[in-house]
Amino acid sequence: MAKKTKKFRTEVNELLNLVISALYSNREIFLRELLSNASDAIDKARFESLSDKSIAEDDSNWRIKIFADKEARTIKIIDNGIGMNVEDVENNIGTIARSGTKAFMQKLHESKQNDLPEMIGQFGVGFYSSFIVADEVEVFTRKAGEDPSTGVKWRSKGTGSYSIEEAEKATRGTEITLFLKEDTDEFMEEWKIRKIVKQYSDYLEYPVVMDVTHTETPKDEEGKVIEGAEPIVTVEEDTLNSQKALWTRSKSDISEDEYKEFYKHISGDFGNPLETIHFNVEGNFEFSSVLFIPEKAPFDMFTQNDKKGVHLYVKRVFIMDDCKALMPEYLRFVKGVVDSADLPLNVSREILQEDKLIAKIQSNLVKKVLGALKTMKDKDYDKYLTFYKEFGKVLKEGMHSDFANKEKLQDLMLFESSNTNAGEFISLKQYVERMPSDQKEIYFVSGQARSAVENSPHLEIFKKKGFEVLFFLDPIDEWVAQSLMEYDGKPVKSIVKGDVNLDEQDEEEIKKEAEEFKTPLEAIQKSLDEDIKEVRFSRRLTDSPCCLVADEYAMSANMERIMEAMNQGMPKQKRILELNKDHKIVQHVMNLAETDSTSEQFKDFTSLLYDQALLVEGSPVQNPAAFAQKITKLMEANLS
Ligand code: ADP
């Protein structure tokens with residue numbers, strides 16, 4: 001392949017500019033990012049070498065070397081990891097392969113300058129951080145197991161384009177050269193490099209080495225300095241990191257900063273962990289684990305292309321970086337490592353999914369994470385709120401998928417309610433504790449936003465009785481509701497479904513009433529026959545004339561809207577129109593039903609009642625033009 005010059009995708013340019021300005025005050029992290037990539041690349045090569053002996057035979061002296069050259073003003077980071085071929089370089093460097101990047105860039109543009117570093121952190125810029133200190137970067141690499149002639153040289157000034165060409169490379173792995181900008185001299189100093197490596201990359205398993213020059217003044221046998229003799233200069237390779245896998249160390253010896261840096265390495269996140277869970281399990285099976293709950297959700301949590309979950313190691317050997325079998329979907333925000341002493345080194349992804357031991361490890365990890373969340377909620381509620389606002393939506397998925405932990409999960413759920421302010425939450429436990437003694441059930445209403453539910457007519461009787469109603473405002477809450485049949489022995493009920501009779505009106509009386517008003521109710525039902533299955537008197541309305549309710553086991557209107565939004569629309573289910581028999585308008589319509597049920601006014605009024613009921617629950621009216629005409633007619637009548 002001849003040398004080619006190619007343009008970056010536009011997002012890359014923009015991202016680069018933002019990265020450079022956002023991270024300027026913390027320039028040294030470029031080294032952490034490049035060492036982290038080098039270490040990942042060696043992880044992969046070492047794993048491959050378990051099945052492909054030639055890789056180890058080629059070179060198994062796993063290491064990362066840093067070269068600083070003050071004259072050339074360059075820093076090189078050299079690894080003997082997996083390396084890349086042309087295709088890999090094109091795909092990984094100089095493109096941003098993550099979906100949702102465009103939308104993320106848009107958010108970046110709209111954010112304040114001060115928020116930039118944190119937001120960039122959500123993205124994880126990795127390799128691009130080189131351009132914070134370098135005005136040109138060269139990647140020279142060759143993939144493990146491929147021919148020296150398949151080496152690749154990629155070079156870019158980070159300003160719109162890059163060049164790529166084939167270049168013979170004798171050794172496997174990657175060599176990254178940074179051509180440093182002015183005002184970066186300190187990064188070529190040995191002391192500075194030592195300091196950065198110690199601070200950010202100490203725990204890396206592989207030695208990070210550098211040539212260090214020692215100058216000695218020659219001395220005679222008695223130890224006296226020999227006047228006029230040339231100093232003896234020796235160059236030695238020095239290892240800069242202590243290489244102790246963090247999870248093998250005792251908790252009490254690990255500082256918070258060490259955990260933070262380790263977290264950044266394995267997660268790709270620039271932010272800090274909110275919670276760290278470090279533990280060992282001994283007995284029938286053994287493993288150690290360090291798990292982290294991030295402070296911020298990644299920008300693409302719901303598109304699920306976040307590749308860095310829980311890393312699996314077997315006896316300190318890296319196996320894979322996103323071992324799905326170790327963590328259930330609903331805890332996919334948890335990052336960390338698990339090092340098992342019992343799994344074979346040659347485990348494959350397929351085996352893992354079915355492995356009994358992995359299942360046991362998973363259930364242990366889940367227990368630890370849920371336990372840590374419970375402790376956080378009990379001991380440091382504000383911190384728990386931070387967590388919940390970021391990841392509550394994901395955690396709730398567990399209510400539907402992890403039946404074994406349902407009890408624990410439901411105690412971790414928080415909801416807004418008719419008694420909280422917007423943005424404040426209560427737990428189910430708190431709800432039950434403050435239930436009045438005559439309240440027997442737990443009530444909820446679901447909707448798209450607080451504003452859509454808090455003035456719902458369905459709430460009227462509950463407000464009057466002083467019964468609190470939980471607001472289920474996330475789409476996922478509809479599924480939570482399905483799994484949450486009861487709590488603390490109390491049934492959990494939707495206030496928009498089934499019958500409500502909080503005033504405990506006598507059943508006989510209800511029947512008598514229905515009988516008495518049979519004719520008008522039937523007339524109203526007939527005029528709305530296409531849309532509703534029944535008209536009845538309501539026991540939940542105090543002020544509004546009417547509302548729509550679903551059968552006890554039918555889908556709520558909110559659920560119907562969600563299913564539609566997911567393109568899983570179902571045939572519309574007819575619902576029940578409930579009327580407030582004490583309301584003047586309803587009484588008027590009932591009169592018309594008995595005296596003049598073929599009149600235009602009767603038809604208009606019944607259809608307006610129905611349309612209102614749709615509007616207040618947040619559903620669209622079916623024929624907005626007809627609705628508007630009827631309203632106009634009413635207003636005109638009022639004028640004359
Ligand atoms: P991330 O590490 O978060 O994936 P980067 O931008 O740092 O993002 O790197 C992008 C990709 O480039 C990596 O996922 C990896 O596939 C590849 N890469 C980067 N550095 C190296 C390296 N030293 N050796 C091999 N591959 C590398």
Side-chain angles (χ1 to χ4, degrees), residues 8-9 11-13 15-16 18-20 23 29-49 55 59 62-67 75-101 104 120-132 134 137-146 150-156 158 162 164 169 171-178 200-201 204 206 208 263-271 294 298-300 305-309 311 318 320-322 335:
F8 283 130
R9 297 227 308 255
E11 299 104 273
V12 179
N13 271 324
L15 186 65
L16 274 177
L18 284 164
V19 168
I20 292 167
L23 300 179
I29 54 134
F30 81 90
L31 193 55
R32 171 187 83 194
E33 294 300 311
L34 295 180
L35 293 176
S36 185
N37 281 350
S39 163
D40 289 350
I42 299 177
D43 273 344
K44 286 178 197 152
R46 188 164 71 158
F47 179 66
E48 295 262 297
S49 76
I55 292 181
D59 179 6
W62 313 110
R63 63 220 276 278
I64 305 165
K65 185 151 188 170
I66 304 177
F67 267 114
I75 298 183
K76 277 187 204 286
I77 289 104
I78 302 167
D79 68 61
N80 55 358
I82 195 76
M84 288 176 274
N85 57 25
V86 173
E87 212 190 332
D88 295 334
V89 173
E90 294 265 19
N91 288 336
N92 299 331
I93 308 269
T95 43
I96 298 176
R98 295 168 74 175
S99 59
T101 304
F104 175 72
I120 295 272
Q122 271 172 281
F123 190 85
V125 283
F127 171 77
Y128 295 96
S129 60
S130 322
F131 289 99
I132 315 174
V137 179
E138 183 184 272
V139 178
F140 184 30
T141 178
R142 196 244 287 178
K143 192 161 186 159
E146 294 188 10
T150 64
V152 193
K153 243 181 207 166
W154 177 100
R155 206 169 159 122
S156 175
Y162 61 88
I164 186 163
K169 188 172 186 296
T171 54
R172 145 195 106 213
T174 304
E175 191 175 310
I176 295 191
T177 309
L178 308 184
Y200 297 110
S201 312
L204 289 182
Y206 310 106
V208 176
Y263 165 72
K264 288 175 188 177
H265 167 58
I266 54 143
S267 68
D269 189 352
F270 277 43
F299 78 107
D300 52 0
N305 52 8
D306 181 7
K307 286 270 156 27
K308 295 186 172 146
H311 299 217
F318 169 86
M320 66 183 75
D321 60 8
D322 183 29
K335 314 282 173 190

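Atoms within each ligand, like the ligands themselves, are counted from 1 in listed order.
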- prompt: Do any N/O atoms on Asn37 end up under 3.5 angstrom from N/O atoms on ligand 1?
  reply: yes
field: Nearest heavy atoms of Ala134 and Leu178, plus distance in Å
entry: CB-CB, 3.8 Å
statement: Numbered in order shown, the ligand 1 atoms found under 4.0 Å of a heavy atom of Gly126 are 7 (O)
field: Ser130 versus Leu34, closest heavy-atom pair with distance
entry: OG-CD2, 3.7 Å
- request: Examine the proximity of ligand 1 to Glu33 and report which part, side chain or backbone, both or neither, has a heavy atom under 4.0 Å away.
  value: neither
- line: The answer for which part of Thr174 has a heavy atom under 4.0 Å from ligand 1 is side chain
field: Charged tip of Lys335 within 45° of Tyr263 ring normal and under 6.0 Å
entry: no
field: Contact check: Phe127 vs ligand 1, nitrogen or oxygen atoms, below 3.5 angstrom
entry: yes
For the student: nearest non-hydrogen atoms of Asp269 and Pro294, plus distance: OD2-CB, 4.2 Å
- prompt: Relative to ligand 1, is Asp79 under 4.0 angstrom through side chain, backbone, both or neither, heavy atoms considered?
  reply: side chain
field: Minimum heavy-atom distance Glu33-Gly126, with the two atoms named
entry: OE1-CA, 3.3 Å
query: Considering distance alone, does some N or O of Asn92 sit under 3.5 Å from an N or O of ligand 1?
result: yes
- request: Just go through Ala38, Ala41, Ser36 and tell me whose heavy atom is the nearest to atom 25 (C) of ligand 1.
  value: Ala41
query: What is the minimum heavy-atom distance between Ile82 and Glu48, and which atoms define it?
result: CD1-CG, 3.8 Å
